[in-house]
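Per chain, numbering begins at 1; letters A, B, ... match sequence-line order.
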2 protein chains.
Amino acid sequence: MELDALPPDRRAALKARHRRAILDAAKALITEGPAARFSVDQLAERADVSRRTIFNHFASIDDVTTTVCSEVLGVVIDHFRQVVTTEPVGPGTRAAAFATLTEALRVTDVPGLLAFLWRALGGLDKGDPRPRQIFQATFSRITTELARELSERNADLDPLEAELLVSSLMHGTEVIAEHWLAATGAATDEPARVLWNELLDRLIDSVRTGYRSLD
Amino acid sequence: MELDALPPDRRAALKARHRRAILDAAKALITEGPAARFSVDQLAERADVSRRTIFNHFASIDDVTTTVCSEVLGVVIDHFRQVVTTEPVGPGTRAAAFATLTEALRVTDVPGLLAFLWRALGGLDKGDPRPRQIFQATFSRITTELARELSERNADLDPLEAELLVSSLMHGTEVIAEHWLAATGAATDEPARVLWNELLDRLIDSVRTGYRSLD
DNA sequence: TGCACTCGGTGCAACGATGCACTTAGTGTA
DNA sequence: TACACTAAGTGCATCGTTGCACCGAGTGCA
């Protein structure tokens with residue numbers, strides 16, 4: 001009937017379930033924003049787990065935060081990549097790859113990711129260099145993964161060419177992301193969405209113009 | 001907001017939850033009948049608990065079954081008692097108490113309880129004396145609890161009188177219960193229900209006649 | 001300046017769950 | 001009779017969780 005619904009090792013399964021509960025609770029708390037104070041005790045209560053257990057799974061509260069951020073980022077990246085792999089990429093032309101990437105950028109919920117990271121890290125404008133580092137690491141990760149994806153999917157596209165194309169788009173996205181965050185404070189309302197689309201349009205135009213001048 | 005959803009002692013809460021899972025799984029397995037074989041491994045799988053854990057909570061498999069039976073019995077008794085306490089009992093007359101008790105007997109799902117016990121214990125006709133002992137203990141428990149209930153609710157009714165009244169009804173119920181089990185094999189179909197009602201009518205008539213002759 | 005208070009983090013012992021090897025008893029089969 | 005097989009039950013070491021006392025840094029306040 002049902003084949004090993006639980007792997008033979010209940011111990012590991014339960015441990016994993018606890019880790020999951022902690023991460024889910026952390027994600028929920030961050031999503032709820034500053035209203036729900038993000039403390040160890042809050043986290044423990046939400047995850048239905050002892051306070052001590054959190055420190056059995058994670059080295060620190062920051063460890064929890066960055067892990068959650070990484071997971072959320074992973075989801076967005078997966079969605080982004082799915083769009084890229086779904087879109088038909090023309091045979092080897094930079095223009096086709098460019099179109100695919102920009103389309104993916106438009107469709108993906110980048111502001112949502114930015115808002116989550118913003119809330120998780122408490123903004124960019126503090127003395128703490130950690131948030132900006134995580135943002136940069138985030139974009140770096142997206143860049144490399146997407147470049148590999150692109151060149152794998154399209155043998156005619158030079159790997160270096162792909163990386164340069166993705167890189168220019170991603171670094172540009174990073175620039176407008178910081179601009180958007182500074183301007184909106186990671187708001188999720190309509191004006192913020194509009195501003196994001198405007199910034200994205202300007203970025204795409206800029207990159208397209210630059211590339212066209214090279215043709 | 002939410003006040004101690006979990007008592008401060010998570011350890012005890014989790015332990016109780018495991019015990020509950022085992023008992024619920026046992027109840028489900030018994031209810032499903034002989035199709036679902038009632039073994040320790042089955043029980044452990046259903047309760048999502050290690051096989052060893054079952055023996056941490058219960059001394060034996062029989063311990064589990066009798067505990068479950070006791071719980072199911074408790075539910076029925078509670079229902080029974082609720083009917084008794086709800087029905088208006090006249091001031092001190094045996095007739096009023098008798099009416100209340102018989103009404104409760106008619107309303108309560110005695111055949112359902114009997115069927116569950118029957119399945120849990122594997123019938124009465126084996127060399128094992130345990131099933132019959134449990135049945136007798138069951139009725140004994142109902143008898144004493146109900147007698148106390150009756151005399152508490154009605155100060156004009158002599159306690160001994162109450163116990164004698166309840167006792168005669170309950171022992172009669174025990175008699176027709178064994179008869180019903182032997183005849184139907186604890187079936188849950190319509191003929192079995194009809195037979196039960198007929199037996200119950202004959203019992204009530206018999207007791208009523210006997211009591212009337214004492215007036 | 002001193003004091004109370006909060007919160008992140010640690011050390012440690014106790015506890016319950018688990019896996020596993022093992023024994024024992026019952027049952028069917030060659 | 002001997003053997004295989006199944007299922008109940010036990011002993012024991014191991015593991016993850018938990019509660020608790022405790023520490024140290026930061027913060028608000030008199």
Side-chain angles (χ1 to χ4, degrees), chain A residues 4-26 29-30 34-69 120-122 126-128 130-131, chain B residues 4-26 29-30 32 34-69 120-122 126-131:
Chain A
D4 56 8
L6 217 59
D9 198 345
R10 285 179 193 283
R11 204 118 54 174
L14 187 61
K15 193 177 178 180
R17 198 155 53 200
H18 280 158
R19 181 185 168 87
R20 198 86 289 282
I22 295 171
L23 289 175
D24 288 344
L29 279 177
I30 293 173
R37 287 182 48 264
F38 188 74
S39 67
V40 180
D41 298 84
Q42 276 288 320
L43 191 56
E45 187 180 343
R46 284 293 189 95
D48 195 28
V49 145
S50 168
R51 186 181 122 87
R52 191 63 180 81
T53 302
I54 294 177
F55 292 102
N56 289 344
H57 284 271
F58 300 94
S60 65
I61 254 296
D62 282 358
D63 191 10
V64 179
T65 319
T66 55
T67 304
V68 162
C69 286
L121 304 173
K126 297 180 178 179
D128 189 5
R130 193 167 44 89
Chain B
D4 57 8
L6 218 60
D9 197 344
R10 285 177 192 283
R11 203 117 54 176
L14 186 63
K15 194 177 177 181
R17 200 154 58 203
H18 279 158
R19 182 186 167 87
R20 197 88 288 282
I22 295 171
L23 289 175
D24 288 344
L29 279 176
I30 292 173
E32 288 179 15
R37 286 182 49 264
F38 188 74
S39 67
V40 180
D41 297 84
Q42 275 288 320
L43 191 55
E45 186 180 344
R46 285 293 190 95
D48 193 31
V49 144
S50 168
R51 184 181 180 280
R52 191 63 181 81
T53 301
I54 294 178
F55 292 103
N56 288 345
H57 284 269
F58 300 93
S60 66
I61 259 288
D62 282 0
D63 190 11
V64 179
T65 36
T66 56
T67 304
V68 163
C69 287
L121 304 173
K126 297 180 178 178
D128 187 6
R130 192 167 45 88

### Query
Closer than 4.0 Å, any side-chain N/O of B:His57 to the OP1 or OP2 of C:dG16?
no

### Euclidean distance, atom CG of residue B:Asp48 to atom P of C:dA17 [Å, nearest integer]
13 Å

### Task
Find the distance A:His18:NE2 to C:dA17:P and express it as a whole number of Å.
12 Å

#### Entry: Side-chain ion pair, B:Asp48 and A:Arg10, N-O less than 4.0 Å
yes

What are the atom names and distances for every N/O pair under 3.5 Å that joins the protein to nucleotides 7-9 of chain C?
from  : atom 1 : to      : atom 2 : distance (Å)
C:dC7 : OP1    : A:Arg37 : NH2    : 2.7
C:dG8 : OP1    : A:Val40 : N      : 3.4
C:dG8 : OP2    : A:Val40 : N      : 3.2
C:dG9 : OP2    : A:Ile61 : N      : 2.7
C:dG9 : N7     : A:Arg51 : NH2    : 2.4
C:dG9 : O6     : A:Arg51 : NH2    : 2.7

### Query
Looking only at heavy atoms, which two atoms of A:Ala26 and A:Val68 are closest? And how far apart?
CB-CG2, 3.7 Å

### Task
Rounded off to whole Å, could you give me the CG-to-P distance for the B:Leu43 and C:dT18 pair?
13 Å

#### Entry: Under 4.0 angstrom between B:Thr53 side-chain N/O and C:dT18 OP1 or OP2
yes

### Query
Side-chain N or O of B:Ser50 less than 4.0 angstrom from OP1 or OP2 on C:dG19?
yes

### Summary
In whole angstroms, the gap separating C1' of C:dG19 from CD1 of B:Ile54 amounts to 14 Å

### Task
Rounded off to whole Å, could you give me the NZ-to-P distance for the A:Lys15 and C:dT18 pair?
15 Å

### Message
Without decimals, in angstroms, what is the distance between B:Leu14 CG and C:dA17 C1'?
### Response
8 Å

### Message
Between B:Thr66 and B:Phe58, is the side chain to side chain contact (heavy atoms under 4.5 Å, CB included) condition met? List the steps.
### Response
CA-CA 11 Å; B:Thr66 56; B:Phe58 300 93; over 6 Å; no

### Query
Got a second to check how far B:Leu29's CG is from B:Arg46's CZ, nearest 0.5 Å?
4.5 Å

### Query
Stepwise, does the side chain to side chain contact (heavy atoms under 4.5 Å, CB included) test hold for B:Val40 with B:Val64?
CA-CA 10 Å; B:Val40 180; B:Val64 179; over 6 Å; no

### Task
Give the rounded distance in Å between these two atoms: CG of A:Asp9 and P of D:dT14.
15 Å

### Summary
When rounded to whole Å, the CZ to P distance for the pair B:Arg10 and D:dG16 reads 19 Å

### Query
Quick one: which of D:dT17, D:dT14, C:dT10 gets closest to the side chain of A:Arg52?
C:dT10

### Query
How many angstroms lie between CG in A:Leu14 and CG in B:Leu14, if you round to the nearest 0.5 Å?
7.5 Å

### Query
If we only count heavy atoms from C-beta on, is the A:Arg19 to A:Thr67 side-chain gap below 4.5 Å?
yes

### Message
Quick check for you: among D:dT17, D:dT14, D:dT18, whose closest atom lies nearest to any side-chain atom of A:Arg11?
### Response
D:dT14

